[in-house]
Amino acid sequence: MSTIVGRFLNFLLVPLYTRFLSQSGYGIVTELYSYTVFLMILLTYGLETGFFRFSQNKEDKENIYTTILTSLAFSTGLFVLIVMLFLGNISSAIGYQGSEQFILWMAIIIGIDVVTTIPFAKLRLENKPLRFAFIKFVNIGLNIGFNVLFLIIFPLFSMKYHIPFFVKHFSKPDVSFIFISNLIASIVTLTMLLPEMFKSHKSFDFKLLKRVLAYSWPLLIAGLAGSVNEVYDRVSLRYFVTIPKGVNSSNYILSQVGIYGASYKLAMIISIFNQAFRYAVEPFFFSRIHETDSKHLYARILNLFVAFTLFLFLLIMIFIDFFKHFIGVHVYDGLHVVPVLLMANIFLGIVFNMSIWYKLSNQTKFGIFIIGFGAIITLLMNIFFVPLYGYTACAWATLICYIMMSILSYILCQKYYSIPYNIQRVAFYFIVTLILFFIDKYLFINIFLLRETFKIFLISIFVITVLWKEKLLFFKNL
């Protein structure tokens with residue numbers, strides 16, 4: 001709940017950004033934050049999952065926390081130092097010459113987030129959700145608070161009172177304020193986690209680290225390939241989108257990234273649930289590894305996961321006239337890709353559910369095959385179709401990638417670990433969802449009250465269907 005509520009509160013910044021920033025300004029935010037996904041995976045190099053896995057071994061439990069935290073702190077410090085030394089070169093290489101401060105701030109933010117990954121994982125492992133949630137909410141509250149302060153309150157204050165300092169620095173909303181707000185929140189979060197970082201320390205065990213790295217390096221490769229699937233669409237627009245004649249190329253590219261990024265934010269509602277689900281279920285999966293009915297439990301969880309995310313899909317798309325107000329009017333052009341991106345995020349969640357088989361069986365090398373396969377699909381589809389269809393091709397490439405990954409993961413799972421997933425039921429839920437979606441899309445009702453009642457009726461059909469199939473609530477004895 002802390003993750004869902006927290007990410008939702010952060011999601012509320014989207015209306016702020018898309019109203020107070022231009023399309024190109026929001027494009028800068030979208031593009032630079034896309035790089036963070038890749039860098040977070042690279043800099044954690046699979047050690048978070050390794051921490052959960054090796055914490056289950058009695059002989060490793062004592063030293064695993066100190067060993068992994070020390071390794072991450074050293075490698076992250078090296079990363080930030082390299083960025084500082086080659087700041088100009090890096091900024092020029094990705095098209096941000098003259099805006100080097102953005103790159104430096106992002107590097108520090110990423111560095112702090114990487115280091116705090118393991119203390120947060122320790123709180124999850126020790127079942128301390130209240131402290132976990134409190135720190136997360138402080139981070140989010142500070143980030144939102146400073147965004148509102150810098151983008152709304154200070155500019156209004158400078159307009160009203162004409163104080164030289166405020167007129168000089170805050171006369172109008174600026175992209176830099178977004179990064180500064182995030183940086184302040186990250187520093188405070190790091191400070192709050194210092195007790196977890198320095199207490200209960202044992203010894204650094206290099207032999208243990210070698211074993212963890214042997215387990216985790218395939219997860220790193222798979223994660224890097226996965227980051228291609230997740231963020232390459234937004235990055236590829238800079239290099240492959242077709243620019244109309246007579247249009248400023250830089251502004252056009254960033255505006256397309258901004259429009260697509262805003263639509264992606266609507267699809268992030270399901271991504272928020274995916275992230276919360278991952279936080280809770282990964283340690284849960286590992287804790288049930290030795291139980292006799294664990295595989296049937298994993299299969300049951302997939303049914304309920306798919307049902308709930310499809311419910312979210314219907315809720316968003318049937319009431320899209322309401323949800324679209326979360327983004328600015330000038331980025332409505334991208335609304336047609338929202339259902340595609342929502343479905344893509346559902347299949348991404350399915351891929352995560354099914355990925356547990358190779359983590360539990362210590363066959364993490366298969367993660368490379370599955371996610372690498374998806375990355376190849378993403379790369380090829382973006383290269384060939386973005387010049388023709390722009391960000392619409394990005395959305396469809398993402399969906400097709402995750403569908404193919406889920407199919408491949410299922411096939412390999414049945415061959416090497418055999419979790420009895422109920423594919424017929426999962427497919428049934430998708431069919432029901434699509435039927436209801438297209439009924440709403442093409443059956444137009446003029447009367448507002450009747451139309452909204454009918455929308456609720458459609459969602460109710462899906463909910464009752466799931467309750468019946470899963471034998472929940474009053475259907476459990478039928």
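Values reported hereafter were calculated over all heavy atoms of this structure, with side chains retained and with hydrogens, waters and symmetry mates removed.
- Using a 4.5 Å cut-off on side-chain heavy atoms (C-beta onward), I109 and L183 make contact.
- No donor-acceptor pair closer than 3.5 Å links the side chain of S409 to the backbone N or O of S406.
- Using bins of under 30°, 30° to 60° and over 60° for the plane-to-plane angle, the ring pair Y416/F366 lands in the tilted bin.
- Annotation: cation-pi pair K122/F51 absent, no NZ/CZ under 6.0 Å from the ring centroid and within 45° of its normal.
- Here OG of S91 is found 4.5 Å from CD1 of I103. Values are rounded to the nearest 0.5 Å.
- Rounding to the nearest 0.5 Å places CD1 of I400 at 3.5 Å from CE of M381.
- In this structure, the side chain to side chain donor-acceptor pair (under 3.5 Å) partners of Y45, at least two apart in sequence or on a different chain, are S71, S75.
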F347 vs F430, ring-ring contact (aromatic ring centres under 6.0 Å, His included): CA-CA, chis, key distance, verdict:
CA-CA 11 Å; F347 275 98; F430 273 100; 5.0 Å; yes
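- Seen from the ring of Y429, K469 does not count as a face-on cation partner, given the 6.0 Å and 45° thresholds.
- Side-chain atoms of T36 never come within 3.5 Å of backbone atoms of L32 as a donor-acceptor pair (strictly under, hydrogens ignored).
- Evaluation of the side chain to side chain donor-acceptor pair (under 3.5 Å) rule for S176 yields D174 as partners, not counting sequence neighbours.
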Only pairs under 3.5 Å count here: list side-chain donor-acceptor contacts from residues 302-313, not counting sequence neighbours, and write none if there are none.
| residue | atom | partner | partner atom | Å |
| --- | --- | --- | --- | --- |
| T309 | OG1 | F305 | O | 2.9 |
| T309 | OG1 | V306 | O | 3.1 |

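- Exactly one residue among N182, T189, D113 makes a side chain to side chain donor-acceptor pair (under 3.5 Å) with N139. That residue is T189.
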Check the pair E126 / R131 against salt bridge (Lys or Arg N to Asp or Glu O under 4.0 Å), numbers first and verdict last.
CA-CA 11 Å; E126 294 176 347; R131 179 159 173 76; over 6 Å; no
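- Proximity of the aromatic rings of F179 and F150 is defined here by a centroid distance below 6.0 angstrom, and this criterion is not met.
- Residues K128 and E196 are not paired through a salt bridge, judged by the lack of any N-O separation under 4.0 Å between the basic side chain and the carboxylate.
- With rounding to the nearest 0.5 angstrom, the CD1 atom of I178 is 6.0 Å from the CG atom of N147.
- Legend: residues meeting side chain to side chain donor-acceptor pair (under 3.5 Å) with T49, ordered by chain and number and at least two apart, are E282.
- To the nearest 0.5 Å, atom OH of residue Y402 and atom CD1 of residue I407 are 15.0 Å apart.
- Ring geometry, Y260 versus Y264: the interplanar angle exceeds 60°, so the pair is classed perpendicular (tilted spans 30 to 60°).
- Under the salt bridge (charged side-chain N to carboxylate O under 4.0 Å, His left out) criterion, no residue pair touches residues 79-107, with sequence neighbours excluded.
- A perpendicular orientation is assigned to the rings of F54 and Y215, their planes being inclined by more than 60° (bins at 30° and 60°).
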Under 3.5 Å, which donor-acceptor pairs link side chains of residues 369-380 to any protein atom two or more places apart or in another chain?
| residue | atom | partner | partner atom | Å |
| --- | --- | --- | --- | --- |
| T378 | OG1 | N229 | OD1 | 3.0 |
| T378 | OG1 | G374 | O | 3.1 |

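- Here the side chains of C394 and Y389 are not in contact, with every heavy-atom distance at 4.5 Å or above.
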